[in-house]
Amino acid sequence: MSDTTSVNDLTEDQAQAELQRLALLISKANQAYHSADDPEISDAEYDSLKRRNLEIELRFPHLKLSDSPTLMVGAPAADGFQKIEHSLPMLSLGNAFDAEDVRDFDSSIHKYLGLKEGAALDYTAEPKIDGLSLSLRYEEGVLVHAATRGDGRVGEDVTANARTVKDIPERLKNAPDILEVRGEIYMSHADFEALNEAQANAQKKIFANPRNAAAGSLRQLDSNITASRPLRFFAYAWGQVSEPLATLQSAAIARLSDFGFSTNPLTKVCKTPDELIAHYQDIEAQRATLGYDIDGVVYKVNDLALQNRLGFRSTTPRWAIAHKFPAELAWTRLEAIDIQVGRTGALSPVARLLPVTVGGVVVSNATLHNEDYIAGLASNGDEIRNGKDIRIGDWVQVYRAGDVIPKVADVDLSKRPSDSEAFEFPKLCPECQSNAIREPGDAVRRCSGGLICPAQIVERLKHFVSRAAFDIDGLGSKQVEQFFEDGWVKDPADIFTLRDRFGSGLQQLQNREGWGEKSANKLFDAIDAKRSISLDRLIFALGIRHVGEGTASLLARHYGSWSAFETAVTNAVIDDPEDEAWSDLLAIDGVGRVMATSLVTAFQQPAERASIDRLVSLLDIKDITRPDAEGSPVAGKTVVFTGTLEKMTRAEAKARAEALGAKVSGSVSARTDLLVAGPGAGSKAKKATELGVETIDEDGWLALIESL
DNA sequence: GTGCCTCGAGTTCC
DNA sequence: CTCGAGGCAC
């Protein structure tokens, strides 16, 4: 067989003949696989046929057959990638930076599960690969799509590219009908260096580090380019599965390996935090010789049933943590301190640095947090605790917190210029000259200009179009800034009247570089598409201080419709416990006095209110339908827990109830539907009886939710 | 009142 | 990603 001949040594005639032979073999294998139970060739053979085919096509592009098997992977989308919603979100991990954090992680798990301190609990520990995470979906053993993490909920469809990665099998044997495998795409040091050398020889872009090279390679629109890049994949987790893979994390990983995936050989089961830390040190010692980048060690509770009980916080699982290696440090000179103004008016100092390489990336800006941080007064957890202030001209130590955000960590006083002066933090907003006021007890100084401050307006607009808010295709922060400067958009509502404003001529827009009639209309269509918006997104988009994504969704779920929400916050009387609207707002678990005041103030302040009303008149707001009441007996009900819970902790009970669509409140009122009372329940149980609220015990509660 | 826990706001670089 | 601060349990 000519299979063994290096592609580089093939003559054109040989290549052509082999391409035809491969096309036939692959097509036969496809048919056999899809129609018969008995494939004629092994998965590994099948994969190697496809890869060989691809390699030859890359070497001899003009010989590519019109019905080439590589074309079956689907042509790349014309612009960018299709979006894919993950069936289960791809979450990030919490971090531990030292042994103490690891012990805290262990004890918080014991606490959450109601286990005694020191009770036996196994963990897995594995290196955290520094690459990009990828989710692979297999249906009936066949790879159907591959998606990047994206924002965790929606990723990009990189299926065609993933198919070119050697470590990613096209088909799996004996896999569940539905199996989503998750893992990390990465590039080895050797491959990275070879790639950069080839890039340099071809006068092409040099990559800063293996991670960037891997990311750049996976996100190629032309999968032939991806195929030429030496990407690898480690599987370490899973998403949706039609049947459980195992009862232990370690066993599930072993199954992924059986399916044909590479799993990391340094994965180990540990019985105590001390063992975890020992394994961490072991891995750290091997770090330089592994041949690929890692940035820490990941610990996971081994028992999957316990993982399930522990569940998730808003963005991270409770049952896993990443123990990070110490960050790389670098010294450089602080050239200037600039002040930025955020959407809430916060004045944030940013360090302009003499560019320096930190952890494989050139850094020229770094955050300085706030006034006190520069003065060397940082209160808690900050690096500058030694009373050193930070001055322009100083030599400062920089690191990338969490390997991302550059921070100034220390100052070298011995190199301080003798004529340097302490930095004076501005007391006026640099953008609008309004007074910048620092409330007592507050760490940040804020511009008091409100909507007269151009910086605040622009930042609010950027927030409005951001991903978690209106997320309008083609209207990002750059465009918003431009439209604001042009005077076209000063208020969120202006976005929705843009089309009318320009009429069909679009003259002004077209005069701008990069905008033609087609792209302008595309933008207007994208804007129109978002006229219909869900209540939670709208509330978040308003950008009311203290009301973020989480609170917005809480409010939307509580009120259900815009009119109910708007009526409540319009009528509420701040700090009046007699007022029904106010007390109803405060009764929402997660909303306190500060948030409620901020909300009500915004709706009762005339200018702000006018802006909201104008916006709302241009929109179609979708009510929130409560999680379907069919499946869950407690959906939409307000539940209160009291007394000692014996089979679960309070936090766990709350999280479970919320997952089932219930609202968990802290206090009993006429609105309470159900009180779950453990032993020792006192005043709440009494009040429930008085109000005629149904009361059950813990077992009753468990029986209720088990009946699903 | 104090001590968690979680969320909100602001941050960089590609 | 981190810090500060709000909310809530104790």
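Throughout, protein chains are lettered first and strands after them, A, B, ... in sequence-line order, and every chain is numbered starting at 1. The structure displayed is predicted, hence computed values, not measured ones. Atoms considered below: every heavy atom in the structure, side chains included; atoms not considered: hydrogens, waters and symmetry mates.
Among the nucleotides C/dG4, C/dG6, B/dT11, the one closest to any side-chain atom of A/Thr367 is B/dT11. Of all nucleotides listed (B/dT11, B/dC13, B/dC14), B/dC13 comes nearest to the side chain of A/Ser364. Closest to the A/Thr344 side chain, of the nucleotides B/dC13, B/dG10, C/dT2, is B/dG10. Each of B/dC7, B/dC14, B/dA9 was ranked by its minimum atom distance to the side chain of A/Arg343; first place goes to B/dA9. Out of B/dT11, B/dA9, B/dT6, the shortest distance to the side chain of A/Arg318 is found at B/dT6. Proximity note for A/Asn365 (side chain, C-beta onward) versus C/dG7, C/dT2, B/dT12: the nearest is B/dT12. For A/Val361, the side-chain atoms get nearest to B/dC14 when compared with the rest of B/dT12, B/dC14, C/dA5. Here the side chain of A/Val594 is nearest to one of B/dG10, B/dT6, C/dG6, namely C/dG6. Between B/dT11, B/dT6, B/dC14, one nucleotide has an atom nearer to the side chain of A/Asn212 than all others, and that is B/dC14. Listed nucleotides: B/dC7, B/dT12, C/dC3. Nearest to the side chain of A/Thr551: B/dC7.
Counting only Watson-Crick and G-U wobble pairs whose two distances sit under 3.5 Å, DNA chain C takes part in these stems of three or more pairs: B:1-10 with C:1-10.
In this structure, the CG atom of A/Asp130 is 14 Å from the C1' atom of B/dC13, given to the nearest Å. Atom CZ in A/Arg545 sits roughly 19 Å away from atom P in B/dC7 (whole-Å rounding). Protein atom CZ of A/Phe105 is 18 Å distant from nucleotide atom P of B/dC4, rounded to whole Å. With rounding to whole Å, A/Leu586 atom CG is found 13 Å from C/dC8 atom C1'. Rounded to an integer number of Å, the gap from A/Asp372 CG to B/dG10 C1' is 16 Å. Distance A/Lys478 NZ to B/dC14 C1': 12 Å, rounded to the nearest Å. The separation between A/Asp338 atom CG and B/dT11 atom C1' is 14 Å, rounded to whole Å. Rounding to whole angstrom units, CG of residue A/Asn209 and P of B/dC14 are separated by 10 Å.
The phosphate of B/dT11 has OP1 or OP2 within less than 4.0 Å of a side-chain N or O from A/Ser348. OP1 or OP2 of C/dT2 has at least one side-chain nitrogen or oxygen of A/Asn95 nearer than 4.0 Å. For B/dT11, the OP1/OP2 oxygens have a side-chain nitrogen or oxygen of A/Gln340 closer than 4.0 Å. Here A/Lys407 reaches the OP1 or OP2 of C/dC3: one of its side-chain N or O atoms lies under 4.0 Å away.
In this structure, the salt bridge (charged side-chain N to carboxylate O under 4.0 Å, His left out) partners of A/Glu371, at least two apart in sequence or on a different chain, are A/Arg438, A/Arg445. Under the side-chain hydrogen bond (donor to acceptor under 3.5 Å, both in side chains) criterion, A/Ser611 pairs with A/Asp491, not counting sequence neighbours. Evaluation of the side-chain hydrogen bond (donor to acceptor under 3.5 Å, both in side chains) rule for A/Asp473 yields no partner, not counting sequence neighbours. With sequence neighbours excluded, the residues that form a side-chain hydrogen bond (donor to acceptor under 3.5 Å, both in side chains) with A/Glu459 are A/Lys462. Residues forming a side-chain hydrogen bond (donor to acceptor under 3.5 Å, both in side chains) with A/Arg229 (at least two apart in sequence, or on another chain): A/Ser217.
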Does the pair A/His558 and A/Phe565 meet the rule for a ring-ring contact (aromatic ring centres under 6.0 Å, His included), with working shown?
CA-CA 8 Å; A/His558 181 84; A/Phe565 169 67; 9.9 Å; no

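Comparing A/Gly342 and A/Lys205 by the nucleotide of DNA chain B that holds the closest heavy atom to each, the one mapping nearer the 5' end is A/Gly342.
In this structure, CG on A/Asp98 lies 13.5 Å from NZ on A/Lys324, to the nearest 0.5 angstrom.
When heavy atoms are screened at a 4.0 angstrom cut-off, A/Val350 is found touching the sugar-phosphate backbone but no base atom.
Ring geometry, A/Phe470 versus A/Phe464: the interplanar angle falls under 30°, so the pair is classed parallel (tilted spans 30 to 60°).
A salt bridge links A/Glu156 to A/Arg219: at least one charged side-chain nitrogen sits closer than 4.0 Å to a carboxylate oxygen.
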